[in-house]
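The structure under discussion appears below in the form of structure tokens.
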Protein chains: 2
Amino acid sequence: MIIRSNTVNLLKRLSKYIKKLTKTKKTTIKDIANVLNISPAAVSKALHDDSRISDKTKAAVKTVAKKLNYQPNHLASALRRGKSNLVGLIVPRTNSNFFSSVVQNIEEVLNKKGYNIIITQSNESFTKECSNIDTLLFTQVDGIIASMANETIDLDYFEKIKSKGIPLILFDRGENDLNVDYVGINDYDSSHMIIEHLVDQGCKRIAHIGGYRHTRIFNNRVKGYIDAINKHNLPLEDELLIESSLTIEDGREKMEQLLALENRPDAVYVAADYAALGALQVLEEHQIRVPQDIALVGFGNEPFTALVSPSITTINQHSAEIGKQAALTFLERVKTPGAKQTLNKIIFEAELIVRDSSNKKG
Amino acid sequence: MIIRSNTVNLLKRLSKYIKKLTKTKKTTIKDIANVLNISPAAVSKALHDDSRISDKTKAAVKTVAKKLNYQPNHLASALRRGKSNLVGLIVPRTNSNFFSSVVQNIEEVLNKKGYNIIITQSNESFTKECSNIDTLLFTQVDGIIASMANETIDLDYFEKIKSKGIPLILFDRGENDLNVDYVGINDYDSSHMIIEHLVDQGCKRIAHIGGYRHTRIFNNRVKGYIDAINKHNLPLEDELLIESSLTIEDGREKMEQLLALENRPDAVYVAADYAALGALQVLEEHQIRVPQDIALVGFGNEPFTALVSPSITTINQHSAEIGKQAALTFLERVKTPGAKQTLNKIIFEAELIVRDSSNKKG
DNA sequence: CAAATCTGCTTAAACGTTTAACTAAATTTA
DNA sequence: TAAATTTAGTTAAACGTTTAAGCAGATTTG
């Protein structure tokens, strides 16, 4: 009968509390403690499956927690433990397939480990990037995973992250100078693969519309282009190597520039798909056959590259793997909080996807 | 000389603290208070420009704060004030131009008011959407702005947000049944505009590849289609009205289906741009002239619609305005926390962008 | 069978801010 | 010039958790 009367008592206390709670706000650990006549500390431990709490108490705590619709206060726990379980993300933009896929995979991996992510966009602007960093630090994130804006040259703001002692992981657009983890693809080799392929298709005069060389990945693509051109004893001329911002409009403009040359190229390798699309439009407008007259290769495997006609040959950047690896690298870093960050590169080999825009052999 | 010696003292205390801080972690309000020999409360008030703190003290606090590189602990302040200054976003995906633009504009408006946003993606999955809601509630967001997944029919999880008493604002994909704020465009009218335009181009047999009708916006587009067709005394036939998931593949499939008809349509209105692109591919493959043989209209004004050839006529959804308005609506709601949420629709008129795929008059 | 160990809790402090309530001194008002 | 008000702070509690330290009582060990 003792058990029976205990149960009755519990029910009474419970209903009393439920009434009270409808008037007030949220259930806290204290409420559960009061219902069960134990200390809040015991409740906290029970909820975390601490070994020093009996199974009976654990079970009781959990059922009461459910009954009272208890939701842990994330802020309080984060404050006490000194970590927020939030990871900040900074990407140039989210409406590119590459970045959104990276983000999705980072999210997937981190969610499983109890982390949530805050996504911010820099829109390729240095100023916005800086304010994003401030925002994330202010929000007490446990780490930051970032891909730099095109504009970014000054790295003081990223140093700020490092100096706070929270992990910083860079992907795609990164800087060795920062001495932090980096995840990306081999841009240098990718250029080689592209040139190799174009040579294989019989192209003899290959132009490159590249990105700004102060951004390492674009510089690496340019270096790969130069070395591969030299390797094959093809003409390496200033007029064939163009630096640009790689927007669609820029792709159009630079393509017009190439078409205006006395000695036109028979292939153009554009360092980003959107710019390649702009270039393709211009080629069509000039009724130049692609790939017969001029072959075209892009970079990034944006979905539309498979959809336009002719479909565009491009490089698959393994966004999913990059995202996963960036997340895993972060998880590795938070394991040993005090540790000094060191340069640690993880490089995936890219994959060339040959499509109609460069496939002369059909 | 008193001032002089005070300054000297301050400097001493400051340097002492700076030394200490290099060893320990972050500057807190207490550190600043110690340096200046005032109470932490005074520091807090000074930093918030409380009128009961002298200008002199305010200035002193602010300079010391800067010197010590003070960053307010967002968690502590959020815990104390009972709000996190975080707003949760749930979108089906971020790699569509519409959603990323909405997100960007929400961010812009809210950042100015001191809010940060947490973006989550549902990937059109109901399960993921539910877990996103849990995540956001767990993170103690001050409000949620969401666009529903295609799959979502059961609204219990959204009711959960409401029952927590935090503002919920829906945009684009919403449900009247929830009785919350909604921001979107007039889908019904948009269909009318499209049919009007096609009729104007001389089309007489217009098909519609629509979305799932349980999603209100797609249902509204279908209803608009039906009413407009009737209004113009055009044939309204089952075989011309197709329900689909509106992916590219689905667009291809349904277009094939339409082409297999004995009595083919002379125009197709597809309720999403990606599906319209799939349809366009199929038309090209069948060497059907667009718009001469069959005119095509999409929905959403994705960037590629202007870039493919023929460029695709589509509907501009005013993503920027929708984002801004959603954010402003949230800000309005948090002003009066206890207030019951009510149905409050803000509807923008959409804009038809006529391009080559439907322009027979050239 | 006394000492050591284990079990299952409790106590109390801490995380860094904010804020209601108080106070002492300075200033204004009647 | 005494009373009232203003100024510029201080004090202490609170937000909801977590956790180190402590402590009875039960069990094991030598």
Measure from [atom1] on [X] to [atom2] on [N] and round the result to the nearest Å.
{"X": "A:Tyr70", "N": "D:dG16", "atom1": "OH", "atom2": "C1'", "result": "8 Å"}
{"X": "B:His48", "N": "D:dA8", "atom1": "NE2", "atom2": "C1'", "result": "18 Å"}
{"X": "A:Asn37", "N": "C:dG8", "atom1": "CG", "atom2": "C1'", "result": "16 Å"}
{"X": "B:Lys83", "N": "C:dT18", "atom1": "NZ", "atom2": "P", "result": "12 Å"}
{"X": "B:Leu47", "N": "C:dT19", "atom1": "CG", "atom2": "C1'", "result": "15 Å"}
{"X": "A:Ile38", "N": "D:dA24", "atom1": "CD1", "atom2": "C1'", "result": "17 Å"}
{"X": "B:Ile53", "N": "C:dT18", "atom1": "CD1", "atom2": "P", "result": "13 Å"}
{"X": "B:Lys58", "N": "D:dG9", "atom1": "NZ", "atom2": "C1'", "result": "13 Å"}

Quick check for you: among [options], whose closest atom lies nearest to any side-chain atom of [X]?
{"X": "A:Ala41", "options": "D:dT10, C:dG16, C:dT10", "value": "C:dT10"}
{"X": "A:Thr28", "options": "D:dT17, D:dT10, C:dT18", "value": "D:dT17"}
{"X": "A:Lys45", "options": "C:dT10, D:dG16, D:dT10", "value": "C:dT10"}
{"X": "B:Ile29", "options": "C:dC9, C:dT17, D:dG9", "value": "C:dT17"}
{"X": "B:Ser54", "options": "C:dT10, D:dA8, D:dT17", "value": "D:dA8"}
{"X": "A:Asn73", "options": "C:dT19, D:dT17, C:dG16", "value": "D:dT17"}

(request) Taking the side chain as every heavy atom from C-beta outward, state whether B:Tyr70 and B:Leu47 have any atom pair closer than 4.5 Å. (result) yes
(message) If you define the side chain from C-beta out and look only at heavy atoms, does anything of A:Thr28 sit under 4.5 Å from A:Asn73?
(response) no
(message) Quick check: any donor-acceptor pair below 3.5 Å linking the side-chain of B:Lys30 to the base of C:dT17?
(response) no
(request) Determine the contact category for B:Leu75: base if any of its heavy atoms lies under 4.0 Å from a base atom, sugar-phosphate if only primed atoms, P, OP1 or OP2 are that close, otherwise nothing. (result) nothing
(request) Nearest 0.5 Å please: distance from the CD1 atom of A:Ile32 over to the OG1 atom of A:Thr63. (result) 9.5 Å
(message) Using the rule side-chain hydrogen bond (donor to acceptor under 3.5 Å, both in side chains), only one of A:Glu124, A:Glu129, A:Arg173 pairs with A:Thr152; which is it?
(response) A:Glu129
Would you please confirm or rule out a distance under 4.0 Å between OP1 or OP2 of [N] and any side-chain N or O of [X]?
{"X": "B:Thr57", "N": "D:dG9", "value": "yes"}
{"X": "A:Ser44", "N": "D:dT19", "value": "no"}
{"X": "A:Ser77", "N": "D:dT17", "value": "no"}

(request) Decide, yes or no, whether a salt bridge links B:Arg333 with B:Asp142 under the criterion of side-chain N to carboxylate O below 4.0 Å. (result) no
(request) With DNA chain D as reference, determine whether B:Leu79 or B:Ala42 sits nearer its 5' end, using the nearest nucleotide of each. (result) B:Ala42
